[in-house]
Novice: 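I'd like to ask some things about the structure below.
We're numbering straight along the sequence, starting at 1.
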Amino acid sequence: MNMEGQSNYLLDCAKYQFRKIKLLPLLIATFVVFLFAIPYYAKYNEIDNLPIVDVEGNATPLSNDDTYTQNSKCPHYKMMLLISSEMENVEKRLLMREELFGITDNLVPCMKQDTSKIFYKFLVKNKKPINDEDLRNYLSEKMEYNDIVEISPNGDDDWEQTLLKYSQLIKGSCITFDHLVLIDVYTMINLEKLQNTISSSTIANQTISNTKKMVWGSFNSNITDSMAIILGSSAIQPILDHSNYGSKNYTSVISRFYYHHLNHPNERIPHDLILINDPLSIVEWPNSLKSISCLDCIIAIGHVYQDWEIRKIKEKLNIQTVIPCKVRSDIEMYSQNTSKLRPNIAVITSSFLYRDNCMVEAAPISAQNKREYAEKHGYAFVSRSTEFVQQLLRKRKEVWGKIDAVEKVLPYYEWLIWLDMDAIFVNRSLSIEDLLKMCEEKVGGRKEFEKINFIVARPVGDDMINAGVFLIRNSDWARDFIRNGIQARRDRAYRGMKEQQAMRDAIKRPNWKPNVLYLNGDDHTINTFPDRYVRGDYIVHYAPEEGCPADPVLGGIKKVLLLEESPDFEIILPF
């Protein structure tokens, strides 16, 4: 059958269904810990905690308004963008976030990709990192942006085949889309122009009757075939179903599919897919824009290896960023007059991994505990590493990064709650609003609590406060407290208890003391040590005087899951 004039065929793709995976019933307490640990370790590679639905169900109609927001529990997107990269490509992913989505930081994070335009993920091949530093940087990035998924090709599958299977898995996780776009971190793509071209139904001088059946790429060589490929949602499964097509020159399952039917023009193309070879719109970077014959034709330019050239291409081709979530459309400093698109409370923690690799295994799982808590209650989750890295330049111990991070993030929210990496939410049903109400009662009512800007505890037996957990309100008082009460203590850059001692001294001073809720001798309100846990306590903080807290943190998170599954489960201390 000729590829250039495909008619619609009446048969639809077979339904692709997935079954929910359920945990085995609890057997005995000893084995329960082990059983529940496994899914939690894997959890931060999942797509979304969404119910599984029939992928052929009716999709929510798309709005022409670019600010259209998903109202359905099962969101539908115009485009699904999967960006391939290697683990060590941290800087490239940062560049892509900035140039494609306008995401220059995670101070106001995309907790949900909740517009109809685009859903994106960075896909990383699961492999052993090149070195420890690459691993630390990668894990920090993963904790901070939550847009990276590690996948492994199955058996003899090529990479594109793996990506197609992953896109079908996304469908099974209650996310649907019209078109799938595959690129790598060396490709600059004009997403707005791509969508406009698809909407026009005129591609490569062809009128496309059904863009959901198209396979669109640059197939002139095995070098350019994977730079950018656009597939209609109905084209994915037929290609997977015919992955046995052979080719001496092409390893990509998509290219093999294309060339098989190019070389067999009389053979019916499965499901009447529409195959489009478009080397004018999808081009390999010729090292100069002047070498491109039709700039107005460009949808994507691949094999761009220098960052400044990516930026230059974006500028010269007037490529606009596509915002993937509502909160990024309003990231000004928080006030009562700004839009309510984003939360007024943030959970903040460290994503900085020390060179001893002590917390490499535990840190991502600890971060996930906090992220899930924030998602449950509608808060932002912000983890930061760069403020810790910069302490070398500030000539202070890395732990001071906590203060820099809080000072940087605070202006965007009404309240922050800081947790050290070795502190976890245990009672995740208790909201921060509930906690603030409890603190209000402690000080004698709302009027008195309006004066409170900082909440910190001194556990029983400690010589001073414990700065591993605290709450701070966005206020002039707080900015003055951080800047002139804590940051000014250069004498504690390396000495003593450092930022914790500076904080302890500041809350004693008469100009700040009246605005502090000092939980003196309090082991249970916000900061509980694992050997003092009482059922219902909010946060358990593993703060050993020496040694690595990774194993206790991992053990504590297992117990959190046990308690959430079986509230009557007997907890043996330490938690």
Novice: Would you say that Asn137 contacts Glu133 through its side chain, given a criterion of any heavy-atom pair below 4.5 Å between the two side chains?
Specialist: yes
Novice: Does the side chain of His179 come under 3.5 Å of the side chain of Thr211 through a donor N or O and an acceptor N or O?
Specialist: yes
Novice: Is there a side-chain contact between Pro238 and Ile269, using heavy atoms and a 4.5 Å cut-off?
Specialist: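 A side-chain contact under 4.5 Å is absent here.
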Novice: Below 4.5 Å, heavy atoms only, C-beta onward: do Asn126 and Val124 meet side chain to side chain?
Specialist: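 Contact flag for Asn126/Val124 side chains = no.
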Novice: Return the orientation label for the Tyr379 and Tyr373 ring planes: parallel under 30°, perpendicular over 60°, tilted otherwise.
Specialist: tilted
Novice: Picking from Ile348, Val108, Asn106, what satisfies side-chain contact (heavy atoms from CB on, under 4.5 Å) with Val409?
Specialist: Ile348
Novice: Give the minimum heavy-atom separation between Gly102 and Arg328, together with the two atoms involved.
Specialist: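 Taking every non-hydrogen atom into account, O-NH2, 3.3 Å.
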Novice: Side chains of Ile310 and Leu95, heavy atoms from C-beta outward: is any pair under 4.5 Å?
Specialist: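 Yes, their side chains come closer than 4.5 Å.
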Novice: In Å, rounded to the nearest 0.5 Å, how long is the span from CD1 of Ile319 to CG of Leu100?
Specialist: 8.0 Å
Novice: Decide, yes or no, whether a salt bridge links Asp147 with Arg97 under the criterion of side-chain N to carboxylate O below 4.0 Å.
Specialist: yes
Novice: Does Asp307 come within less than 4.0 Å of Lys92, counting only side-chain N to carboxylate O?
Specialist: yes
Novice: Do His271 and Gln237 have side-chain N/O donor and acceptor atoms under 3.5 Å apart?
Specialist: no
Novice: Mark yes or no: Lys212 above the aromatic ring of Phe177, with NZ or CZ under 6.0 Å from the six-membered ring centre and no more than 45 degrees from the axis.
Specialist: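 Not satisfied by the 6.0 Å and 45° rule.
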Novice: Only one of Tyr145, Phe122, Tyr120 forms a ring-ring contact (aromatic ring centres under 6.0 Å, His included) with Phe101, so which one is it?
Specialist: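 Running ring-ring contact (aromatic ring centres under 6.0 Å, His included) over Tyr145, Phe122, Tyr120 with Phe101 returns exactly one hit, Tyr120.
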Novice: Ring pair (Phe, Tyr, Trp, His ring centres under 6.0 Å) between Tyr245 and His242: does it pass, once the steps are laid out?
Specialist: CA-CA 6 Å; Tyr245 286 163; His242 294 82; 5.5 Å; yes
Novice: Would Lys314 and Glu309 pass as an ion pair if we require N to O under 4.0 Å?
Specialist: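 Judged by the 4.0 Å cut-off on N to carboxylate O distance, Lys314 and Glu309 do not form a salt bridge.
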Novice: Cut-off 3.5 Å, side chains only: do Tyr166 and Gln161 have a donor facing an acceptor?
Specialist: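 Absent: no donor and acceptor within the cut-off.
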Novice: Under the side-chain contact (heavy atoms from CB on, under 4.5 Å) test against Trp159, which residue among Thr251, Leu164, Leu182, Leu123 passes?
Specialist: Leu123
Novice: To the nearest 0.5 Å, how far apart are OG in Ser566 and CD in Glu564?
Specialist: 11.0 Å
Novice: Indicate yes or no: does Lys408 engage Asp105 in a salt bridge with an N to O separation below 4.0 Å.
Specialist: no
Novice: Does the distance from a Lys or Arg side-chain N to an Asp or Glu carboxylate O, for Lys125 and Glu86, drop under 4.0 Å?
Specialist: no
Novice: Looking at every non-hydrogen atom in both residues, tell me the closest pair between Val185 and Met96 and how far apart they are.
Specialist: O-SD, 3.8 Å
Novice: Please walk me through it: do Ile198 and Lys78 pass side-chain contact (heavy atoms from CB on, under 4.5 Å)?
Specialist: CA-CA 10 Å; Ile198 292 173; Lys78 294 178 181 178; over 6 Å; no
Novice: Taking 4.0 angstrom as the limit, do Glu387 and Arg384 come out as a salt bridge?
Specialist: yes
Novice: Go through Lys213 and Asp272 one step at a time and tell me if the salt bridge (charged side-chain N to carboxylate O under 4.0 Å, His left out) criterion holds.
Specialist: CA-CA 7 Å; Lys213 291 189 174 186; Asp272 284 344; 5.4 Å; no
Novice: For Asp184 and Ser84, does a side-chain donor sit closer than 3.5 Å to a side-chain acceptor?
Specialist: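 Judged by distance alone, the side chains do not pair up.
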Novice: For the residue pair Asp278 and Trp216, what are the closest heavy atoms and their distance?
Specialist: OD2-NE1, 3.0 Å
Novice: Does the side chain of Asn369 come under 3.5 Å of the side chain of Ser366 through a donor N or O and an acceptor N or O?
Specialist: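 Per modelled atom types, Asn369 and Ser366 side chains form no pair under 3.5 Å.
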Novice: How about CG on Asp156, more than 12 heavy atoms from neighbouring residues, nucleotides or ligands closer than 6.0 Å, or not?
Specialist: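 Atom CG in Asp156 is not crowded, with 12 or fewer foreign heavy atoms closer than 6.0 Å.
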Novice: Exactly one of Ile83, Ile301, Ile183 should register a side-chain contact (heavy atoms from CB on, under 4.5 Å) with Ile189. Which one does?
Specialist: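 Going through the options one by one, the only one that passes is Ile183.
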Novice: Under a 3.5 Å cutoff, is there a donor and acceptor pairing between the side chains of Gln206 and Thr202?
Specialist: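 There is no such pair between these side chains.
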Novice: Donor-acceptor check, side chain of Ser173 to backbone of Leu169, threshold 3.5 angstrom: yes or no?
Specialist: yes
Novice: For Asn205, is the CG atom crowded, meaning more than 12 foreign heavy atoms sit under 6.0 Å from it?
Specialist: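 Not more than 12 within 6.0 Å, no.
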Novice: Run the numbers on Glu91 and Asn89 for side-chain hydrogen bond (donor to acceptor under 3.5 Å, both in side chains), then give the verdict.
Specialist: CA-CA 6 Å; Glu91 294 299 324; Asn89 292 152; over 6 Å; no
Novice: What's the separation between atom CD1 in Ile282 and atom CG in Leu280, rounded to the nearest 0.5 Å?
Specialist: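 CG of Leu280 is found 10.5 Å from CD1 of Ile282.
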Novice: Check whether more than 12 heavy atoms from other residues, nucleotides or ligands sit under 6.0 Å from atom NZ of Lys128, and answer yes or no.
Specialist: no
Novice: Is it true that the side chains of His76 and Thr176 contain a donor and an acceptor less than 3.5 Å apart?
Specialist: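 A donor-acceptor contact under 3.5 Å links the two side chains.
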Novice: Quick one, His303 and Ile223 - any side-chain contact, counting heavy atoms below 4.5 Å?
Specialist: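 In contact.
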Novice: State, to 0.1 Å, how close Leu139 and Pro364 come at their nearest heavy-atom pair, and which atoms those are.
Specialist: CD2-CG, 4.1 Å
Novice: Looking only at the side chains, is there a donor atom on one of Arg256 and Ser247 sitting less than 3.5 Å from an acceptor on the other?
Specialist: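 Arg256 vs Ser247: no donor-acceptor pair found between side chains.
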Novice: Measure across Leu353 and Arg136 and return the closest heavy-atom pair with its distance rounded to 0.1 Å.
Specialist: O-CD, 3.3 Å
Novice: Any chance you could lay out the ring pair (Phe, Tyr, Trp, His ring centres under 6.0 Å) test for Phe119 and Tyr77, step after step, and finish with the verdict?
Specialist: CA-CA 7 Å; Phe119 181 92; Tyr77 299 90; 5.3 Å; yes
Novice: Applying side-chain hydrogen bond (donor to acceptor under 3.5 Å, both in side chains) to Glu144 and Ser383, what does each step give before you reach the verdict?
Specialist: CA-CA 5 Å; Glu144 290 166 15; Ser383 56; 5.1 Å; no
Novice: Would you check if there is a donor-acceptor pair between the side chains of Asn190 and Glu192 at a distance under 3.5 Å?
Specialist: no
Novice: Counting C-beta onward and ignoring hydrogens, is there a side-chain heavy-atom pair between Ile208 and Ile276 closer than 4.5 Å?
Specialist: yes
Novice: Please report the interatomic distance CG(Asn222) to OG(Ser255), rounded to the nearest 0.5 Å.
Specialist: 8.0 Å
Novice: Taking only residues two or more places apart in sequence, or in another chain, which ones meet Ser218 in a side-chain hydrogen bond (donor to acceptor under 3.5 Å, both in side chains)?
Specialist: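 Ser218 satisfies side-chain hydrogen bond (donor to acceptor under 3.5 Å, both in side chains) with no residue once adjacent residues are dropped.
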